[in-house]
Amino acid sequence: MSYEPIKFYQTGTFTIGNRLLAPEQRTGQADMGRTNSLNSGHRACQGCGEALGARYAIDAVMRATGNQMIACNATGCLEVFSTPYPETSWQIPWIHSLFGNAAAVATGVAAAMKVKGKKDVRVIAQGGDGGTTDIGFGCLSGMFERNDDVLYICYDNQAYMNTGVQRSSATPPAARTATTMPVGPEPGNAWGQGKNVPQIAMAHGIPYVATATVADLHDLEAKVKRAMEFRGARYIHIFVPCPLGWGAASHDTIRLARLAKETGLFPVYSAEYGEVVSVSKIRQKQPVEDYLRPQRRFAHLFGKNPNVEVIARFQEMADRNIRKFGLLDDNK
Amino acid sequence: MLKQTEGSHAVAEAVALCRPEVICAYPISPQTHIVEGLGELVKSGELQNCEYTNVESEFAAMSVAIGSSAAGARTYTATASQGLLFMAEAVYNASGLGLPIVMTVANRAIGAPINIWNDHTDTMSQRDCGWIQIFAETNQEAADLHIQAFKLAEELSLPVMVCMDGFILTHAYEQVDMPSQEQVDAFLPPYSPRQSLDPAAPVSIGAMVGPEAFSEVRYLAHAKQMQALDLIPKISAEFKEIFGRDSGGLVRSYLCDDAETIVVALGSVIGTIKDTVDEMRAEGHKIGVLGIHSFRPFPAEAIRKALSKAKHVVVLEKSIAIGVGGVVASNVRLALDGIDSRIYCVVAGLGGRNILRTSLHRVFRQAEAGELEALHFLDLDWDVVNRELERERTQRRSGPIAENILRDVSAVRSSSVG
Ligand SMILES: Cc1ncc(C[n+]2csc(CCOP(=O)(O)OP(=O)(O)O)c2C)c(N)n1
Ligand code: SF4
Ligand SMILES: [Mg+2]
């Protein structure tokens, strides 16, 4: 991979300020020439992980393509907060059709570019976890299977946020949503359900699949850049905390994204043609409580009598990911 | 060039002559031969500069079409029946976005009960979706209408549905005068979109629109269809100049000048009705036929003019608006508001039931005599219906209706054979 993780840190958060880096190591966002594809003035909540992820991802695509890109957006927060016309935030050619068809619309745009001989114009599709793992899944799988020349980006905030925080197939177990309330003998979302779309994408054998979080924006940009080096179907699944839906503080978006990775709950890796080629190692393993506790959607697990059983199940989940993807350095 | 060919193949060739750039294909009877034909033309290299995409559903077919059309490519797809319903959300989206996609619908019934045969309930279910809907009477007209459809769609920036009767037209071998590439090129200019996704001039398409502008956007969709009322006859006339044939237009009448009874219909059944009318004319009946070729926009003025002197109007339609009666008949009634004529709705040919001349003779004569009910189901087997009604009256767990009826029907058949 083109991106070398930075070895030192100063802040204790494992992040590094751009100004401490050589210009060529800085993020695209730190560059004066950034395209502001998703411009300021949109109506996302404070601390919206999706807005941040989209801004980095789309500008990175613009960078990789010399600004020759077209984006197709599924219905969802990203579409709604960016376009109450005439205040569109998009500085790029952008189309929103429906909730469940972003991948297919992108297939159509890519077909048009091909037939018109515009090989340099690249196409992306983007949507939330609901638009990706649930209602848009048929179109997405079709786009993968045909190996259409599209990069699909899923912004995973683990529920249907735009309609008021309902469960999706990306909602974690035990989480409170408006349709999985923390009541009854097994409060919150059910265990043993859900869909792992990055793994399913890999099973299609497509050229490139990656996961990323908004806590490591260098890694996110590098993955977008790598994705654009391929032709054919590509998929990036970005973990984007949602302060409103998760009941988390706006200033905790980056911290929660980092904890999701550092606990092992959200494995960060990339795969080419169905084989894992890179894994972001956990630098300092954190217990799952540290990730769960700041979010009100898990509040019913804590309080006076913490639900140690459920918390232990989360820990098992994290440890399974750690084993499966080799998330810890072997000497740790 | 005259050619003995299957309706579907004539349509495939006509579409190919229009130089489509993107075609989305998903199979459903009776549309399959059309997309198969186009697939072969692309694969063999006869149709060049065309991306042919085998998609995973009709919803994807229309969505891919939305993407390619919005990116400035001339786009075609075809479907029928369940497929049209499966893509319905995207069908509305394509017209809402003003994308000039052309789609053939090989008209077929909608289930349950599942039925692959012809009627018009599929396209009638989408009559208010914002697409222009034109109906072909013959295979020649089906081929011709596709060439006109691309021109109409692109001039208005609206999608067009070309409706042709499944099996009756799609699978019938007939002589078709196939246009030449030169003729089609002279008639149909290259696609010059009103809006396009282009990095050189970025626009947002499909933004959220609130109450402050939604009514205006909707009104314009209606106004554009009203413009089509002028454009459709104009394009049909231009077509005649180059190709030398009458096809398309809003409505076409047959022996209506002195007719006291006029039968209104859409699609291939017009042929059977014309034959019946010829026979009745020979016996001195003053009867004629009005074929509706553009159902959306609905040519209310033209229909009113054509029917204004008729005493009896029989709307014979292959669709049913359950709970009301006829779809076409309701529209015709509106067009005749204030005119003193009797209007009868005859629902016929549902799910592929043959429409027999003997039956038509009977109902047309009943209409002439003012003895037909306002809503009549042609050749309905009342024994079968009443038996099921009786079953439901007497038994709580009366069972699945369609299966009960099939059992009754086959019992009658086998006893009459045996
Ligand atoms: C066919 C259809 N069903 C339902 C909706 C309602 N809807 C709009 S956005 C949305 C939730 C989007 O969730 P997700 O894709 O996760 O994106 P997020 O808003 O969380 O970013 C839903 C359910 C719709 N617009 N269309
Ligand atoms: S609800 Fe969540 S995803 Fe939607 S704008 Fe707010 S923070 Fe972002
Ligand atoms: Mg979501």
Side-chain angles (χ1 to χ4, degrees), chain A residues 37 62 65-73 75 79-118 120-123 125 135-136 138-146 148 150, chain B residues 19-24 26 42 48-75 77 86-87 89-94 96-97 99 101 191 193 195-210 212-213 217:
Chain A
S37 309
M62 287 288 269
T65 62
N67 301 349
Q68 297 300 300
M69 70 164 298
I70 294 172
C72 308
N73 216 125
T75 313
E79 167 259 332
V80 171
F81 74 60
S82 64
T83 68
Y85 222 67
E87 293 128 15
T88 182
S89 295
W90 297 102
Q91 309 292 306
I92 53 172
W94 179 94
I95 184 167
H96 160 249
S97 172
L98 296 168
F99 189 20
N101 71 354
V105 173
T107 291
V109 176
M113 292 305 113
K114 188 167 172 209
V115 78
K116 291 185 175 294
K118 295 187 188 167
D120 55 326
V121 180
R122 307 295 300 276
V123 184
I135 199 167
C139 288
L140 183 67
S141 176
M143 186 274 272
F144 286 163
E145 168 274 316
R146 290 184 303 268
D148 294 328
V150 173
Chain B
R19 302 184 189 278
E21 294 170 293
V22 176
I23 294 173
C24 321
Y26 193 82
V42 173
Q48 300 205 333
N49 290 320
C50 180
E51 277 294 302
Y52 183 91
T53 311
N54 282 297
V55 289
E56 74 282 358
S57 74
E58 287 87 357
F59 177 65
M62 187 47 63
S63 301
V64 170
I66 286 167
S68 59
S69 185
R74 182 172 286 166
T75 302
T77 188
F86 200 78
M87 64 166 68
E89 191 193 13
V91 168
Y92 272 75
N93 194 253
L97 293 174
L99 298 172
I101 299 160
Y191 173 35
Q195 53 178 350
S196 182
L197 294 165
D198 179 3
V203 287
S204 298
I205 299 179
M208 182 143 188
V209 173
E212 73 284 5
V217 175

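Hydrogens, waters and symmetry mates are skipped; everything else that's a heavy atom, side chains included, is used. In the text below, chain A, chain B and the rest are named by the order of the sequence lines, each starting its count at 1.
Heavy atoms of B:C50 lying under 4.5 Å from chain A belong exclusively to its backbone. Residue A:C139 touches chain B through both its backbone and its side chain, counting heavy-atom pairs closer than 4.5 Å. Heavy atoms closer than 4.5 Å to chain B are found in both the backbone and the side chain of A:A111. With a threshold of 4.5 angstrom between heavy atoms, A:E79 approaches chain B through side-chain atoms but not through N, CA, C or O. Contacts of B:A90 with chain A are made by both backbone and side-chain atoms, with heavy-atom separations under 4.5 Å. Residue contact with chain B, scored on non-hydrogen atoms closer than 4.5 Å, involves the backbone and the side chain of A:I95 alike. Contact of B:L197 with chain A is made through backbone and side chain together, with heavy-atom distances under 4.5 Å.
Using modelled atom types, one side-chain atom of B:T77 and one backbone atom of B:C24 make a donor-acceptor pair closer than 3.5 Å. Side chain of A:H96 to backbone of A:N73: no donor-acceptor contact under 3.5 angstrom is found.
For the 3.5 Å distance criterion, the side chains of B:S204 and A:T83 fail to qualify, holding no donor opposite an acceptor.
The choice from A:V121, A:D148, A:L98, A:T65 that makes the most heavy-atom pairs within less than 4.5 Å of chain B is A:L98. If you tally non-hydrogen atom pairs under 4.5 Å between each of A:P86, A:A112, A:A102 and chain B, the highest count goes to A:A112. Ranked by non-hydrogen atom pairs under 4.5 Å with chain B, the options A:S97, A:S82, A:S141 are led by A:S97. In terms of heavy-atom pairs under 4.5 Å with chain A, the best-connected choice from B:N49, B:D198, B:V64, B:V55 is B:V64. Of the listed residues B:A65, B:S63, B:A71, the one with more heavy-atom pairs under 4.5 angstrom with chain A than any other is B:S63. In terms of heavy-atom pairs under 4.5 angstrom with chain B, the leader among A:G108, A:G117, A:A71, A:G138 is A:G108. Counting heavy-atom pairs closer than 4.5 Å to chain B, the top-ranked of the candidates A:M113, A:K114, A:Q68 is A:K114.
Residues A:I92 and B:P199 have side chains not in contact (no heavy-atom distance under 4.5 Å, counting atoms from C-beta outward). Between B:Y191 and B:S69 the shortest side-chain heavy-atom distance falls below 4.5 Å. The closest side-chain heavy-atom distance from B:Q195 to B:V203 is not below 4.5 Å.
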For a side-chain contact (heavy atoms from CB on, under 4.5 Å) check, start with the C-alpha distance between B:I101 and B:M62, then their side-chain angles and the critical distance, and finish with the verdict. CA-CA 9 Å; B:I101 299 160; B:M62 187 47 63; 4.0 Å; yes

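Summarising the geometry, atom CZ belonging to A:R122 is positioned 10.5 Å from atom CE belonging to A:M69; distances are rounded to the nearest 0.5 Å.
For B:Y52, the OH atom counts as densely surrounded, since its 6.0 Å shell holds more than 12 non-hydrogen atoms of other residues, nucleotides or ligands.
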